[in-house]
Amino acid sequence: MISSTFNFSSTAIWKTLAFSTLILIVLIIFSNQPNSLQTDIIHVATNQSFLPLNTTNISHLVFGLVGSTKAWRYRKSYIESWWRPNTTRGYLYLDRTPTDDLLPWSQNSPPFRISDDNSKLLVETKHVAPIMVRMVHAVIEVFREEREGVRWYVMGDDDSIFFVDNLVDELSKYDHTKYIYIGGHSESIISNQVYSYDMGFGGAGLILSYPLAKMVQQNIEDCFRRYPYLNSADLILMTCVNDFGVSVTPHQGLHQMDIRGDASGFLSAHPRVPLLSLHHFDHIDPIFHSMDRFESTNHLMKAANVDQPRLIQQTICYNRNLNWSFSVSWGYSVHIYEKLIPRSILKIPLETFKPWIQKAKPPLYIFNTRTLSNDPCATPHVFSFESIKNINDYESKIITSYTRFGSRGLPTCGFANNHSVDSVSRINVVSPNRKPNQNGKTECCDVLEIDDMGVAKLNLRDCMNDELIA
Ligand SMILES: *[C@@H]1O[C@H](CO)[C@@H](O)[C@H](O)[C@H]1NC(C)=O
Ligand SMILES: *[C@@H]1O[C@H](CO)[C@@H](O)[C@H](O)[C@H]1NC(C)=O
Ligand SMILES: *[C@@H]1O[C@H](CO)[C@@H](O)[C@H](O)[C@H]1NC(C)=O
Ligand SMILES: *[C@@H]1O[C@H](CO)[C@@H](O)[C@H](O)[C@H]1NC(C)=O
Ligand SMILES: *[C@@H]1O[C@H](CO)[C@@H](O)[C@H](O)[C@H]1NC(C)=O
Ligand SMILES: *[C@@H]1O[C@H](CO)[C@@H](O)[C@H](O)[C@H]1NC(C)=O
């Protein structure tokens, strides 16, 4: 684990900390108090390979996105929502030369390349799935083009939405000099059964360390020859990588999104890991109900661009006077229940979505779900992310606002209860401008006030050492 001791992977944080750390080092060197911090920091100061400057940053990642010229006009907005021109490295691999309507090529898109002509290879191997060969072959093509200073190759589809800051942070926790293949499972049990639980599903992003990508480059054509009958790109890659003695490292932040319809239940109860990718936005409803798919994607990015580590992290708290439970999915939604419900239940996604394979039989998903009902005590009032701003009091903070998405259309929970959430129209969530979950827990929150105008104010903070969320 290179530089895990000093994992200041966000350059912004590093820049602001650099100066004060320097002073700290000087202070500690000149103080005669021996302590473990002192030895650690001096170690940093004297050992180049521990310097945060050498931790993984955005320039160490190269993206290889595979798309088609025909679909690009519809898919382009998904990629442009997260692509950072002249900062993110990588290419979009197209099947044929862009048509006139795509030219001049957008400066906000990744530069494109036309995929290699594999026809000779296809004839020789009698491979059953030429498109899949093209997709896997993109690993070689991106490796051929970009090698200087590369630590990770991130392969995706033309509708894969990546959260780049979180990718950099997460990848800096792995040793890029080893053979590593990181991927995500399908949400759908049957898809994992049909393909493999050992496979990274392609649209969620397949991440290969440099040595592994090199290995793929040297051996993939042989692998096509060995397995001409494999008819899916991610399965071909898994099979070849397995032959090298490497198995998948699953990551819960990578999402193939093999679900359909309303994904809000899924996105409102994310596991406690940074969000790395989302996929299949053409197959789910727009994630913000008042917007179309592209507006929704860009809207989520407004929060992602301010505080990516906190994005859709779930925080739960209670108002004991009113018997209300609050569940925040930062930058996406807030749910309020008119009942005190334990965290272990609220963590479970509401099954607002439909299975990927329509006729599949339960159990459908690789995670637990709560079924929807008309029970007013089990049905949340839903508020959607509306806006975000930075504030600077004595401490830098971020406020996200969430507004009501329609009426729940149900009576109040409980016979004698006259505390209906119907009067609440807006929720303002204040969060600190620093990374959440650093102590291994989720954050905690406090319901600060609910005013006469129907505005509720919540504050997110680190949980105290012995604090119970109950
Ligand atoms: C620097 O750290 C590396 C581990 O990354 C270690 O192998 C090396 O011995 C260290 N060098 C010094 C001078 O401490
Ligand atoms: C940074 O790390 C790489 C290995 O990942 C090493 O080869 C290089 O020497 C390091 N650079 C510095 C300045 O320590
Ligand atoms: C990323 O780290 C490398 C050292 O490994 C450094 O040369 C480069 O300037 C850094 N890039 C950014 C964008 O921070
Ligand atoms: C990216 O760099 C190119 C050439 O260096 C420049 O022409 C272009 O304006 C830059 N694009 C953006 C969006 O900064
Ligand atoms: C809150 O719930 C408890 C236990 O169900 C109940 O005894 C109490 O009256 C409730 N309070 C309010 C304000 O509804
Ligand atoms: C709410 O309930 C309390 C006790 O259950 C009662 O005293 C109060 O009058 C009720 N308020 C309204 C507006 O119904």
Side-chain angles (χ1 to χ4, degrees), residues 1-25 40-65 79-92 107-111 142-156 160-182 205 207-215 217 251 253 274-277 301 304-311 390 396 433-435 438:
M1 299 279 266
I2 297 256
S3 42
S4 58
T5 339
F6 280 82
N7 186 12
F8 292 124
S9 19
S10 157
T11 38
I13 295 176
W14 168 241
K15 275 178 194 153
T16 54
L17 282 180
F19 185 64
S20 50
T21 309
L22 191 65
I23 292 177
L24 187 67
I25 291 170
D40 268 350
I41 289 185
I42 289 175
H43 189 56
V44 168
T46 55
N47 194 328
Q48 284 287 307
S49 66
F50 274 82
L51 273 179
L53 286 174
N54 208 13
T55 57
T56 295
N57 65 41
I58 197 166
S59 73
H60 297 120
L61 274 54
V62 171
F63 292 88
L65 306 171
I79 304 301
E80 289 191 347
S81 75
W82 61 268
W83 187 260
R84 298 181 193 165
N86 294 353
T87 301
T88 34
R89 297 170 68 181
Y91 302 93
L92 170 74
Q107 290 287 311
N108 297 321
S109 290
V142 70
F143 184 84
R144 187 173 66 206
E145 192 129 20
E146 292 284 330
R147 261 179 280 191
E148 184 68 32
V150 180
R151 296 185 181 183
W152 299 98
Y153 293 89
V154 182
M155 305 303 295
S160 301
I161 296 165
F162 288 112
F163 296 88
V164 176
D165 296 335
N166 283 347
L167 270 175
V168 170
D169 277 3
E170 286 301 285
L171 291 178
S172 70
K173 296 176 184 168
Y174 296 89
D175 184 346
H176 61 277
T177 65
K178 303 268 160 63
Y179 293 89
I180 298 178
Y181 158 56
I182 300 170
I207 306 172
L208 288 76
S209 62
Y210 181 93
L212 181 59
K214 186 171 180 187
M215 192 91 186
Q217 190 239 352
H251 195 292
L275 176 63
L276 301 186
S277 70
M301 287 297 162
N305 290 338
V306 174
D307 190 355
Q308 217 161 90
R310 198 172 263 104
L311 189 66
N390 280 297
S396 169
N433 197 354
R434 64 182 138 78
K435 270 195 197 166
Q438 293 301 289

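Here the structure is a predicted model, which is why all the values come from computation and not from measurement. All ligand and atom numbering here is 1-based and tracks the order in the structure. Values reported hereafter were calculated over all heavy atoms of this structure, with side chains retained and with hydrogens, waters and symmetry mates removed.
Of the candidates V150, T56, I207, L61 forms a side-chain contact (heavy atoms from CB on, under 4.5 Å) with just one, namely T56.
Within 6.0 Å of CD on E148 lie no more than 12 heavy atoms contributed by other residues, nucleotides or ligands.
Between I182 and W152 there is a side-chain heavy-atom pair separated by less than 4.5 Å.
Numbered from 1 in the order shown, with element, the atoms of ligand 3 that lie under 4.0 Å from a heavy atom of N54 read 5 (O). Contact atoms of ligand 3 toward S59: 1 (C), 11 (N) (distance under 4.0 Å to a heavy atom of the residue).
If you check the side chains of Y153 and E146, you find no donor sitting under 3.5 Å from an acceptor.
Where the criterion is an N or O separation shorter than 3.5 Å, residue side chain and backbone included, N57 meets it with respect to ligand 3.
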